[in-house]
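One structure is given below, encoded as structure tokens.
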Amino acid sequence: MSLQPITDRRAHEETDRLHERALAEAQRLRREAIDDFWRHANGLLGDAARSAQRAAVRLGQRLRRRDAGGTAFPGGMA
């Protein structure tokens, strides 16, 4: 009977160690997931900004051509 508390204590200590390791791993994985999310989001925002910049440049060129007496769009469209 005297061995039962020692065994229970060791089992409890092992459970505590496993729990702490699981928490640490969960925190590490959470940080990685957040970093991956923002890295991907920043890439998408950068792509969208570059696309918007190109569209603005093309629109400016078309408007200048139209103001110069040409057509705003290739092919003679209005």
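Note that the structure is a prediction, hence the values are computed from the model and not measured. Count residues from 1 along the sequence.
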Residues in salt bridge (Lys or Arg N to Asp or Glu O under 4.0 Å) contact with [X], at least two apart in sequence or another chain:
X: E13; value: R9
X: D36; value: R39
X: R17; value: E14

With a 3.5 Å cut-off and sequence neighbours excluded, list the donor-acceptor pairs that the side chains of residues 28-35 form with protein atoms.
{"unit_1": "R28", "atom_1": "NE", "unit_2": "E25", "atom_2": "OE1", "d": "3.2"}
{"unit_1": "R28", "atom_1": "NH1", "unit_2": "E32", "atom_2": "OE2", "d": "2.3"}
{"unit_1": "R28", "atom_1": "NH2", "unit_2": "E25", "atom_2": "OE1", "d": "3.3"}
{"unit_1": "R28", "atom_1": "NH2", "unit_2": "E25", "atom_2": "OE2", "d": "2.5"}

Interatomic spacing from CG in D8 to CZ in R10 - rounded to 0.5 Å:
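With rounding to 0.5 Å, CG (D8) is 11.5 Å from CZ (R10).
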Q61 and side-chain contact (heavy atoms from CB on, under 4.5 Å): which partner among V57, L63, L59?
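In the set V57, L63, L59, the residue that makes a side-chain contact (heavy atoms from CB on, under 4.5 Å) with Q61 is V57.
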Give every residue pair that meets the salt bridge (charged side-chain N to carboxylate O under 4.0 Å, His left out) criterion with at least one member in residues 49-59, sequence neighbours excluded.
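Every salt bridge (charged side-chain N to carboxylate O under 4.0 Å, His left out) pair that includes a residue of residues 49-59, provided the two are not neighbours, is D47-R50.
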